[in-house]
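Report on the structure given below.
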Amino acid sequence: MPLEIFGVAESQFRLGSFIAIFVVMAILETWLPRRKRRHSRTRRWTTNFAILASDFAAVSLVTIAIPVTAVIAAMWASDRGWGLFNMVDLPFWLEAIIAFVALDLLIWTQHLITHKIPILWRFHRVHHADHDLDASSGFRFHPVEIIFSIFVKAIAVVALGPAAIVVVVFEAAVNGSAVFNHANLKLPPALDRFLRPVIVTPDMHRVHHSEIRRETDSNYGFFLSIWDRAFGVYRDQPEKGHDGMVVGLRDHQQSGPEKIGWALLFPFRK
Ligand SMILES: [Zn+2]
């Protein structure tokens with residue numbers, strides 16, 4: 001029987017929550033924009049949605065050949081009694097919290113590594129090349145990076161053995177959070193200050209998209225903001241301010257990143 005969450009199939013839950021968060025963010029950033037856009041929204045959205053479509057196509061093809069996702073890995077580990085949580089007897093709520101926090105640390109670590117290992121940075125740069133940031137930047141990831149991420153999560157899930165439902169909620173939360181923290185959204189300062197000790201806000205994550213490398217190499221969090229502080233790579237604000245900072249890659253500020261062909265082929269160029 002397919003996994004259900006809140007009475008709907010997990011695939012519908014993921015898609016529904018993703019679309020709902022995207023629509024809300026798209027409306028809010030139109031109403032309360034943080035920065036002036038360099039490119040028209042239509043132009044960038046065409047490219048970022050085309051990248052998302054290529055991600056769906058690539059993941060569908062790969063999972064036909066190798067049917068592995070984080071959720072499948074969780075069910076597989078549970079059937080065999082593999083993974084830490086399948087060997088200890090903890091209350092479900094405690095297991096869920098520990099698993100959620102552990103998976104968030106995994107995503108943080110994976111993001112850090114994609115900045116440090118040259119072959120991974122080649123693919124992750126497609127995300128950083130975006131000249132503007134908005135809700136659509138939250139899913140602008142090269143298909144190779146998406147597939148790499150699926151395998152990393154699946155391996156971690158087999159080691160950890162969390163309930164499949166926790167994995168679904170975690171993935172939906174991280175995807176929704178990515179749409180939120182890339183939004184070109186001017187949060188009221190008091191709300192930013194309230195959320196920031198625990199959750200990555202748009203102003204916090206924007207620092208990570210600065211063309212200044214030392215700023216790019218900070219604020220790696222996708223959902224919880226605690227890891228950047230814990231590991232000493234937290235930056236409160238960009239040096240040039242949110243209006244003065246330049247978003248994107250220093251060597252690629254000319255036309256290119258807003259085109260689909262450029263974005264998909266960028267990792268393969270010398
Ligand atoms: Zn990054």
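As the structure is a prediction and not an experimental result, all values here were calculated from the model. Atoms within a ligand are numbered from 1 in the order they appear, just like the ligands themselves.
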Residues 19-28, side-chain donor-acceptor partners within the protein, below 3.5 Å, at least two apart:
none

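- Connectivity analysis of hydrophobic side chains (ILVMFWY, heavy atoms under 4.5 Å, direct or indirect) links Val207 to nothing; its cluster partners are none.
- Taking 4.0 Å as the cut-off between side-chain N and carboxylate O, Glu171 and Arg14 count as a salt-bridged pair.
- Around the Zn ion (ligand 1), protein atoms of type N, O or S found under 2.8 Å number 5.
- Pairs passing the ring-ring contact (aromatic ring centres under 6.0 Å, His included) check and including a residue from residues 151-181, sequence neighbours excluded, read Phe100-Phe170.
- Taking a cutoff of 4.0 Å between a charged side-chain nitrogen and a carboxylate oxygen, Glu215 and Lys240 do not qualify as a salt bridge.
- Using a cutoff of 4.0 Å between basic side-chain nitrogens and carboxylate oxygens, Arg196 and Asp236 are scored as salt-bridged.
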